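Model, not experiment: these values are computed from the prediction.
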Amino acid sequence: MFYKEKGFYISLACGIVAVIALAVICYSLMGGTGDGDGDGDVDMVTEATASPSEVPTKEPASTATVSQAVEKKPKKTAKPKATKEPEEKTVETDANPINNLHFDQEMGLLWPIKGDILMEYSADQVVYFKTLAQYRTNPAILIAAKEGQEVKASADGVVSDIISSEETGRTLVVDIGNDFSVSYGQLMGITVQKGDTVTEGQVIGKVAKPTSYYSEEGTNLYFQVKEKDAAVNPMLLLR
């Protein structure tokens with residue numbers, strides 16, 4: 001009998017517990033646990049989901065870092081296109097200045113120095129050379145001068161040669177055009193070089209001591225004119 005009563009109370013207790021548990025579940029589902037303000041679910045959701053401010057976010061790279069990255073990357077620059085330079089057109093001209101010279105025989109030649117004629121031109125007949133003590137032809141004229149006296153160019157021309165001769169010493173040859181040339185002998189202190197252009201009246205040197213061929217005749221300028229390598233009387237052209 002005792003066991004039957006004990007079993008009854010146990011069953012009753014279990015039933016009461018079941019009813020309470022069911023009530024608690026229903027109450028929870030219908031909105032509250034104790035304060036009746038319906039915030040329980042919201043709090044649970046709030047706790048379950050992190051606040052946006054608490055969510056770790058990936059910070060963007062600083063502008064300085066981006067700028068450094070941009071600066072480190074070399075910029076590609078456009079290469080200038082090669083331009084073809086226009087070809088220069090050259091006009092062919094006569095490069096030889098001697099061929100461009102013109103000697104006017106009517107205008108004649110300027111006296112290279114002022115002085116007396118010590119020995120006249122004589123290509124057809126022999127004349128007496130005092131220093132050599134002999135008769136011979138003279139293809140030039142000897143103009144008396146003082147040592148160191150300046151010698152001027154008799155006409156425009158180009159220096160074709162500068163030679164040294166036992167007879168005429170340092171001699172300057174100038175082409176003056178139209179197959180004419182003038183030679184100035186027994187010079188020193190020549191101021192021009194081969195290939196130089198000279199103008200009429202330009203100082204081209206000075207009178208030197210006479211060579212051993214003309215020591216008795218005295219200090220002088222040896223002056224010779226040629227046309228096509230043939231000697232011409234300078235007195236016919238000097239003005």
> Within the distance-only criterion (no hydrogens, no angle test), does the side chain of Tyr121 pair as donor or acceptor with the backbone N or O of Ala231 below 3.5 angstrom?
Replying inline: yes
Less than 4.5 Å apart, side chain to side chain, heavy atoms only: is that true for [X] and [Y]?
{"X": "Pro234", "Y": "Gln224", "value": "no"}
{"X": "Ile143", "Y": "Pro112", "value": "yes"}
{"X": "Gln186", "Y": "Asn220", "value": "yes"}
{"X": "Leu142", "Y": "Phe223", "value": "no"}
{"X": "Thr219", "Y": "Lys146", "value": "no"}
{"X": "Ile204", "Y": "Leu172", "value": "yes"}

Would a single hydrophobic cluster contain both [Y] and [X], if residues Ile, Leu, Val, Met, Phe, Trp and Tyr are joined by side-chain heavy-atom contacts under 4.5 Å?
{"X": "Ile141", "Y": "Val182", "value": "yes"}
{"X": "Leu187", "Y": "Leu118", "value": "no"}
{"X": "Ile113", "Y": "Val225", "value": "yes"}

>> Would Met188 and Lys209 count as a side chain to side chain contact (heavy atoms under 4.5 Å, CB included) here? Give the steps.
In response: CA-CA 9 Å; Met188 66 177 183; Lys209 290 181 179 181; over 6 Å; no
> After noting the C-alpha distance and the side-chain angles of Tyr184 and Thr171, does the key distance pass the side chain to side chain contact (heavy atoms under 4.5 Å, CB included) rule?
Replying inline: CA-CA 5 Å; Tyr184 308 83; Thr171 304; 5.9 Å; no
Starting at [atom1] of [X], measure out to [atom2] of [Y] and round the result to the nearest 0.5 Å.
{"X": "Asn233", "Y": "Ser122", "atom1": "CG", "atom2": "OG", "result": "9.5 Å"}
{"X": "Asp179", "Y": "Phe103", "atom1": "CG", "atom2": "CZ", "result": "12.0 Å"}
{"X": "Asp161", "Y": "Lys194", "atom1": "CG", "atom2": "NZ", "result": "5.0 Å"}
{"X": "Ile176", "Y": "Lys226", "atom1": "CD1", "atom2": "NZ", "result": "13.5 Å"}
{"X": "Asp196", "Y": "Ile190", "atom1": "CG", "atom2": "CD1", "result": "11.5 Å"}
{"X": "Leu236", "Y": "Leu109", "atom1": "CG", "atom2": "CG", "result": "10.5 Å"}

Does atom [atom1] of [X] have more than 12 heavy-atom neighbours from other groups under 6.0 Å away?
{"X": "Glu150", "atom1": "CD", "answer": "no"}
{"X": "Met107", "atom1": "CE", "answer": "no"}
{"X": "Asp104", "atom1": "CG", "answer": "yes"}

>> One pair to check against side chain to side chain contact (heavy atoms under 4.5 Å, CB included): Asn178 and His102. What are the steps and the verdict?
In response: CA-CA 6 Å; Asn178 299 94; His102 174 70; 3.1 Å; yes
Shortest non-hydrogen contact from [X] toward [Y]:
{"X": "Gly218", "Y": "Pro210", "value": "O-CB, 3.7 Å"}
{"X": "Ser154", "Y": "Trp111", "value": "OG-C, 4.4 Å"}
{"X": "Leu101", "Y": "Gly177", "value": "CB-CA, 3.7 Å"}
{"X": "Val198", "Y": "Ala153", "value": "CG2-CB, 4.3 Å"}
{"X": "Ile117", "Y": "Met235", "value": "CD1-SD, 4.2 Å"}
{"X": "Thr191", "Y": "Val203", "value": "OG1-O, 2.9 Å"}

>> Run Val151 and Leu221 through side chain to side chain contact (heavy atoms under 4.5 Å, CB included) and show every step you take.
In response: CA-CA 8 Å; Val151 178; Leu221 173 70; 4.0 Å; yes
>> Apply side chain to side chain donor-acceptor pair (under 3.5 Å) to residues Tyr214 and Glu167 and explain how you reach the verdict.
In response: CA-CA 8 Å; Tyr214 301 102; Glu167 182 179 354; 2.8 Å; yes
Distance-only donor-acceptor pairs under 3.5 Å for side chains of residues 127-138, two or more places apart:
residue	atom	partner	partner atom	Å
Thr131	OG1	Ser215	N	3.3
Thr131	OG1	Glu216	N	2.7
Thr131	OG1	Glu217	OE1	2.5
Asn138	ND2	Glu120	O	2.8
Asn138	ND2	Ala140	O	2.7

